[in-house]
Number of protein chains: 2
Amino acid sequence: MLSFTEENYLKALVQLTVFEDGKSEVGVNRLASYLEVKPATVSDMARKLKVKALVNYEKYGKISLSELGRKEGMMVIRRHRLWETFLYQKLDFTWDEIHELAEELEHIHSKKLMNRLDQFLDFPDFDPHGDAIPNEDGDIIIPFRRTLSEVKEGKKCKMVAVKDNSTEFLKYVDKIGLKIEDEIQVIKKEDFDSLTTIQFNTKELVVSPKFTDNIFVLCAICLKAKECDC
Amino acid sequence: MLSFTEENYLKALVQLTVFEDGKSEVGVNRLASYLEVKPATVSDMARKLKVKALVNYEKYGKISLSELGRKEGMMVIRRHRLWETFLYQKLDFTWDEIHELAEELEHIHSKKLMNRLDQFLDFPDFDPHGDAIPNEDGDIIIPFRRTLSEVKEGKKCKMVAVKDNSTEFLKYVDKIGLKIEDEIQVIKKEDFDSLTTIQFNTKELVVSPKFTDNIFVLCAICLKAKECDC
DNA sequence: TAATAAAGTTAGACTAATCTAACAATATTT
DNA sequence: AAATATTGTTAGATTAGTCTAACTTTATTA
């Protein structure tokens, strides 16, 4: 049985080596800053997780997930996202409230409970933030998507998910009135200070990279083909 | 913020000094055996809980809950019983499965979550085992009830709750087909070996004190007046 | 390539919750 | 009231997860 803490390490590793594309392994410092602990702590834990065959790791080397570790990490994420969906759909919590609660609920280990909840929610494919929910076997469809920062001037796209799940970010998105499935048009991109002017729901708004880097979008073309110049 | 363990001590103290009638304080050994830890551990913890003003306790003395401790303990029980109700009513778990899961879920601290869940469940007064659910302020109606062992030969009564929530006990109750609200008649009480013959749903069955001590009942008279010779 | 910077490790300490083993206080019984 | 039994406490150890401070290894750059 994995501890609360071990599960958080595995979840973090999935975030950094599976969802963050281009990297299948991660350094001690990176993981430490992600988890907000000191590198020494990660060093120790990496050794322990290796003993339990959850990660691949050699002294002074990078850390990556083993097949078992990946599966366990995915289960934590499955539980997190199913609880988020429950809180949002059934208990009417808002977008920005559900993440924190799910951080606690995700550590309740019961396959049966999660499968019943899944069924109760009618087998959702995505959580309220637009992220895919891994299945019982830890499989997940990682859909192709771009950040709003990548979209060229003049092009239209559709918001499909958020990257940053923090309360502050979600409150901001909520405040400006943007929702998943909304259409966004990039009106102007200012190279000098990286500010972007966007239009959605007939409103025009100037936003910073802190916003555009954390909004996932798809355009009509990239919905069908992965290569697209939107 | 209370730890998982501290909450379990407070919950146990509520069970032993509020629900178990006649005692408002408890000894170190009793609490230790209830929690399945060593007396030394309870001694230590009693000192810590006293510092936090959660219990009244002096070296070599009995332990009792402070007003604050009682409230915190009641909150754990409120969460436990609301989750049990959810699991039973909404996720179709069986009587004997819900207790264990609720033991984990009860430690999620969020007043808002519990109030939303309460509302979602339509403000239930009792959990699936027949126990009252404390309100948001920690208040609870402790109904008058007898155990089946107290009922005299020939008398009829109604099952209202179980005392023992263990999986084994609940599985047995389920197996014999007895449910809350069922009418039970005490046919015969054998003094020699304390076996009781009961009748319910047209079935007749011989049961031991292990059963009768753990079934709570009310008769038609004690439903109205607390004094009754059922 | 030698110096410096960055990344990672180790040793030793701390806290919470537990244990065992030895001891101390209180209660009961003859 | 003395002996015995019960009950409770203390000291010292253990484990998990964390820290700081000192050290080592690897990478970068002048």
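Here the structure is a predicted model, which means the values were calculated and not measured. Naming: A, B, ... by sequence-line order, numbering from 1 per chain.
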Measure the distance from [atom1] on [X] to [atom2] on [N] and round it to the nearest whole Å.
X        : N       : atom1 : atom2 : result
Leu31(B) : dT7(D)  : CG    : P     : 14 Å
Glu7(B)  : dA16(C) : CD    : P     : 16 Å
Arg47(B) : dA17(C) : CZ    : P     : 13 Å
Ile63(B) : dG8(D)  : CD1   : P     : 8 Å
Lys52(B) : dA17(C) : NZ    : P     : 7 Å
Asn29(A) : dT26(D) : CG    : P     : 15 Å
Lys59(A) : dT24(D) : NZ    : P     : 12 Å
Lys38(A) : dC14(C) : NZ    : P     : 18 Å

Would you mind checking if [Y] and [X] are paired as a salt bridge, meaning a charged N to carboxylate O distance below 4.0 Å?
X         : Y        : result
Glu72(A)  : Lys11(A) : no
Arg30(A)  : Glu20(A) : yes
Lys112(B) : Glu97(A) : yes
Arg79(B)  : Glu7(B)  : yes

Centroid-centroid under 6.0 Å between Phe93(B) and Phe86(B) rings: no
What's the closest nucleotide to the side chain of Val28(A) if the choices are dG8(D), dC19(C), dG8(C)? dG8(C)
Report all interatomic pairs (protein N or O, nucleotide N or O of nucleotides 21-25 of chain C) with separations under 3.5 Å.
none

Partners meeting salt bridge (charged side-chain N to carboxylate O under 4.0 Å, His left out) with Glu136(A) (sequence neighbours left out): none
Please list each protein N or O that sits under 3.5 Å from an N or O in nucleotides 14-17 of chain D, with the distance.
residue	atom	partner	partner atom	Å
dG17(D)	OP1	Ser3(A)	OG	2.5

Between Phe169(B) and Asp96(B), is there a side-chain heavy-atom distance shorter than 4.5 Å? no
Cut-off 3.5 Å, side chains only: do His99(A) and His80(A) have a donor facing an acceptor? yes
Between CD on residue Glu84(B) and CG on residue Leu121(B), distance to nearest 0.5 Å: 12.0 Å
